[in-house]
There are 2 protein chains.
Amino acid sequence: MRKRPVETDKPLDKWREQLRRGGLELAILLSVSSTPRYGLEIIRYLQESTDLVVTEGTIYPILGRLTRSGIVEAEWISGETPHPRKYYRLSNQGRKALEEMLDHWNSYRSKIDHLVETAGRMES
Amino acid sequence: MRKRPVETDKPLDKWREQLRRGGLELAILLSVSSTPRYGLEIIRYLQESTDLVVTEGTIYPILGRLTRSGIVEAEWISGETPHPRKYYRLSNQGRKALEEMLDHWNSYRSKIDHLVETAGRMES
DNA sequence: CGTATATACCTTGTGACACAAGATATAATG
DNA sequence: CATTATATCTTGTGTCACAAGGTATATACG
């Protein structure tokens, strides 16, 4: 017997979920764009600076994917802390990708905002 | 034997996909917020006003879901056009939901933009 | 020396979802 | 009666985030 999510959460919650997912990769890249950070640190950073909640099961697969595609580079650093940490930084290729993503984000944001304004002319 | 999407599309494309998905429901709701519209009309409206590309396989399931949850109301109109059309309009409940969604969209947008600005202090 | 706690990373199974492709309906046109 | 145009709906598939659980390393306590 498992958890039954059946009719428990309203459509709005689902939507929020999905919206957050859309920006996840961007948020993660931004987290490591100015300074290298390791996994849990990224989680804390996002939580603190934007209260975007991301969990480990989410972030590690994404970081793996980004590493595999050459957008970020990973480096193990051990000795300085109890547990070794894997620091991620943006590669050169990643920096280019990030710029494209930012362009796209701006454009997307404008589209939605445009829709909002257009539809906003509804209250007669 | 099926299409092999294997390594054909770059990570960036996937990301764009996901971002678009995040705002889909919002975009659809906005499309029917000021005036009732039918399925294909919504597709054309989004395409023309924001060049967001949405297909039928995408929109009908979403409209069905929104109808089932009472956020939009659907009404068949036939006789006036060759083929009967199903017009969707925002319900009262839907209007409330839309407002919440807009709040959330604004807040989400700010969070990402905040991240961008913070990370933007990287070019030393 | 256990064993508990803290920090870190990684993996597996699941459910949700958009979407391509195709099915179905209606009416006008040739 | 086929074809074309417009419209809606369904089915199968691949992708993805995520909860839950696993592994590794080191320190602290008794």
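Naming convention: chains lettered A, B, ... in sequence-line order (proteins, then strands); numbering from 1 in each chain.
- Taking atom CD1 of A/I77 as the reference point, atom C1' of C/dA8 lies 14 Å away to the nearest angstrom.
- Rounded to whole Å, the distance from CD1 on B/I59 to C1' on C/dA18 is 12 Å.
- Using a 3.5 Å distance cut-off with no hydrogens or angles, the side chains of A/N106 and A/R109 do pair a donor with an acceptor.
- Among the nucleotides D/dA24, C/dA18, D/dA17, the one closest to any side-chain atom of A/I62 is D/dA17.
- Contact check, A/Q18 against D/dA17: no side-chain N or O comes under 4.0 Å of OP1 or OP2.
- Looking at heavy atoms from C-beta onward, B/R89 lies in side-chain contact with B/E75 at the 4.5 angstrom threshold.
- The CD-C1' distance, from B/E17 to D/dA17, rounds to 16 Å in whole Å.
- When the nucleotides C/dA16, C/dC10, D/dA17 are ranked by their closest atom to the side chain of A/K14, C/dA16 comes out on top.
- When the nucleotides D/dA19, D/dC9, D/dA17 are ranked by their closest atom to the side chain of A/T55, D/dA19 comes out on top.
- Considering only heavy atoms from C-beta on, B/I28 stays 4.5 Å or farther from B/V72 through its side chain.
- Taking only side-chain nitrogens and oxygens, A/Y38 comes nearer than 4.0 Å to OP1 or OP2 of C/dA8.
- One finds a side-chain N or O of B/R44 lying less than 4.0 angstrom from the OP1 or OP2 phosphate oxygen of D/dA7.
- Computed from coordinates, the A/I42 CD1 to C/dT7 P distance equals 18 Å when rounded to whole Å.
- Distances were taken from every side-chain heavy atom of B/L24 (C-beta onward) to each of C/dT7, D/dT8, C/dA18; the shortest belongs to C/dA18.
- Each of B/P61 and B/H83 lies near DNA chain C, and the nucleotide nearest B/P61 is the one positioned closer to the 5' end.
- Both tests pass for B/R37 against the ring of B/Y45: distance under 6.0 Å to the centre and angle within 45° of the axis.
- Ranked by how close their nearest DNA chain D nucleotide is to the 5' end, A/T81 and A/E25 are led by A/E25.
- Atom-to-atom, CD1 of B/I28 to P of C/dC17 comes out at 13 Å; the value is rounded to the nearest Å.
- The distance between atom CG of A/L19 and atom C1' of C/dC17, rounded to the nearest whole Å, is 15 Å.
- In this structure, A/R65 places its CZ atom 15 Å from C1' of C/dC10, rounding to the nearest Å.
- Positionally, the nearest nucleotide of DNA chain C for A/Y88 lies more toward the 5' end than for the other of B/P82 and A/Y88.
- Between the OG1 atom in A/T67 and the OH atom in A/Y60 there is a gap of 12.0 Å [rounded to 0.5 Å].
- Atom pair A/R21:CZ and C/dC17:P shows a separation of 8 Å (rounding to whole Å applied).
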